[in-house]
Amino acid sequence: MGNLFPRWTNLLPLKIACFLGYVAFTVGLGFAYYATPKATRVGYQPDQPVPFSHKLHAGELGVDCRYCHSQVENSNHSNLPAAQTCWNCHAQIKTTSPALAAVKAAVETGAPVEWVQVHETPDYAYFNHSAHVNSGVSCVECHGRIDGMAVVAQQKPLGMGWCIDCHRNPQDFLRPVEEVTNLAWTAANHPAVVVDGELVKLTQRQLGDRLAANWKVNPPDSCGACHR
């Protein structure tokens, strides 16, 4: 009796096993790469056309984030400052500094300063700055202690899992809205509150629970929240 299948089928199981192994290896390699800081841009610290120090301006001088990023409370995006915003101060201070040449040229010509973007949201993800800062999520939660950076670098991965963790546990990240741009603030700085007739210092989770309940903070964790 002849064979039911041609001879080449003898190697078919081996070929299938090799193919599946190759697919598994490729998927694993891709996952390993895209889960690394290199892919998530953690530590990314590009040179800028103007050596602007957040450590000096936001840290030592106490300039509020919203002076330069003026639309962060009202817009989806955190705007970069116009050259005129810089020149409001530097028309009086260090006017001849070579470090400010690009700012001065931008003011004179009307061309923008070509800042290099550090924190980047993918095109397929939607993020609304105003929704977060007006709900008590501080700049520090996504950008780190930027008031201590002479050169801005990305501190947080800003990946999907990282965002979902915040959406599922907002109590760990909420603070009073008036403290959103106070990057040094912690729950320990919050005044004691009366609980059952006694003054109690709340932990971050306890304070976050109260704020979430008072403001009805219930961030979505469905796909449609960020992928629209």
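All figures in this text were calculated on a predicted structure; none of them were measured in a lab.
- Under a 3.5 Å cut-off, the side chain of Arg175 and the backbone N or O of Asn182 do form a donor-acceptor pair.
- With Gln206 contributing its side chain and Thr203 its backbone, the two residues share a donor-acceptor pair below 3.5 Å.
- By the 4.5 Å heavy-atom criterion applied to side chains, Ile146 and Val140 are not counted as neighbours.
- At a threshold of 4.5 Å between non-hydrogen side-chain atoms, the residues Pro49 and Trp115 count as touching.
- Linking Ile, Leu, Val, Met, Phe, Trp and Tyr residues whenever their side-chain heavy atoms come within less than 4.5 Å places Trp215 and Leu207 in a single cluster.
- Between Met149 and Gln155, the closest side-chain pair of non-hydrogen atoms falls below 4.5 Å.
- Connection of Val107 to Val50 is established within a shared hydrophobic cluster, with ILVMFWY side chains joined at heavy-atom distances below 4.5 Å, either directly or through further cluster members.
- A pairwise comparison of heavy atoms in Val193 and Arg210 identifies CG2-NH1, 3.8 Å as the closest pair.
- Proximity of a side-chain donor or acceptor of Asn214 to a complementary backbone N or O of Leu211 within less than 3.5 Å is not detected.
- For His227 (side chain) and Tyr124 (main-chain N/O), a donor-acceptor pair under 3.5 Å exists by modelled atom type.
- Environment of CD in Gln117: crowded, with over 12 heavy atoms of neighbouring residues, nucleotides or ligands closer than 6.0 Å.
- Using a 4.5 Å heavy-atom threshold, the side chains of Tyr67 and Asn88 count as touching.
- The backbone N or O of Ala188 sits less than 3.5 Å from a side-chain atom of Lys201, completing a donor-acceptor pair.
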- Query: After noting the C-alpha distance and the side-chain angles of Glu73 and Val180, does the key distance pass the side-chain contact (heavy atoms from CB on, under 4.5 Å) rule?
  - Reply: CA-CA 11 Å; Glu73 295 174 299; Val180 162; over 6 Å; no
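- Screening Leu183, Thr181, Val133 for a side-chain contact (heavy atoms from CB on, under 4.5 Å) with Ser138, the sole residue that qualifies is Leu183.
- Relative ring orientation between His54 and His69 is described as parallel, the plane-to-plane angle staying below 30° on a 0-90° scale split at 30° and 60°.
- A side-chain donor-acceptor contact under 3.5 Å links Asn169 to the backbone of Asp165.
- Nearest heavy-atom pair across Thr85 and Cys68 is CG2-CA, 4.3 Å.
- Taking CG from Asp172 and CG from Asp209, the interatomic distance works out to 8.5 Å, rounded to the nearest 0.5 Å.
- Judged by distance alone, with hydrogens and angles left aside, the side-chain atoms of His129 form no donor-acceptor pair with the main-chain N or O of His77 at under 3.5 Å.
- Separation of atoms CG (Leu174) and SG (Cys166) is listed at 7.5 Å; rounding is to 0.5 Å.
- Counting heavy atoms from C-beta outward, Val194 and Leu199 have side chains that approach closer than 4.5 Å.
- With hydrogens and angles ignored, the 3.5 Å screen pairs no side-chain donor or acceptor of Gln171 with any backbone N or O of Ala212.
- Across all non-hydrogen atoms, the minimal contact from Tyr126 to Ala225 is CD2-O, 4.1 Å.
- Enclosure of atom CD in Gln92 is not indicated, since only 12 or fewer non-hydrogen atoms of other residues, nucleotides or ligands lie within 6.0 angstrom.
- For Asp147 and Lys55, the salt-bridge test fails: no basic side-chain N is under 4.0 Å from an acidic carboxylate O.
- Both Leu80 and Trp87 belong to a common hydrophobic cluster when Ile, Leu, Val, Met, Phe, Trp and Tyr are linked at side-chain heavy-atom distances under 4.5 angstrom.
- Interatomic distance, NE2 of His90 versus OG1 of Thr96, reported as 12.0 Å (0.5 Å rounding).
- The heavy-atom pair separating Ala106 from Pro112 by the smallest distance is CB-C, 4.3 Å.
- Of all heavy-atom pairs spanning Val113 and Ala102, the tightest one is CG2-O, 4.1 Å.
- Between His167 and His132, the two ring planes are tilted [angle within 30° to 60°].
- Using a 4.5 Å cut-off between side-chain heavy atoms of Ile, Leu, Val, Met, Phe, Trp and Tyr, with links allowed through other members, Val217 and Val177 fall into the same hydrophobic cluster.
- From Cys142, atom SG reaches atom CD of Gln154 across 10.0 Å, with rounding to the nearest 0.5 Å.
- To the nearest 0.5 Å, atoms SG (Cys223) and CD1 (Ile164) are separated by 7.5 Å.
- Using the six-membered ring where Trp is involved, His119 and His143 have ring planes that are perpendicular, over 60° apart on the 30 and 60° scheme.
- Criterion: ILVMFWY side-chain heavy atoms under 4.5 Å apart, direct or through other members. Under it, Leu158 and Val118 are not part of a common hydrophobic cluster.
- Looking only at side-chain heavy atoms (C-beta outward), Gln204 and Thr186 stay at 4.5 Å or farther from each other.
- No side-chain donor-acceptor contact under 3.5 Å links Thr95 to the backbone of Ala91.
- Scanning both residues, Val103 and Cys86, for their nearest heavy atoms gives CG1-CB, 3.8 Å.
- Between Lys94 atom NZ and Cys89 atom SG the span is 12.5 Å, to the nearest 0.5 Å.
- Inter-residue side-chain proximity for Val23 and Thr26 is flagged as unmet; no heavy-atom pair is nearer than 4.5 Å.
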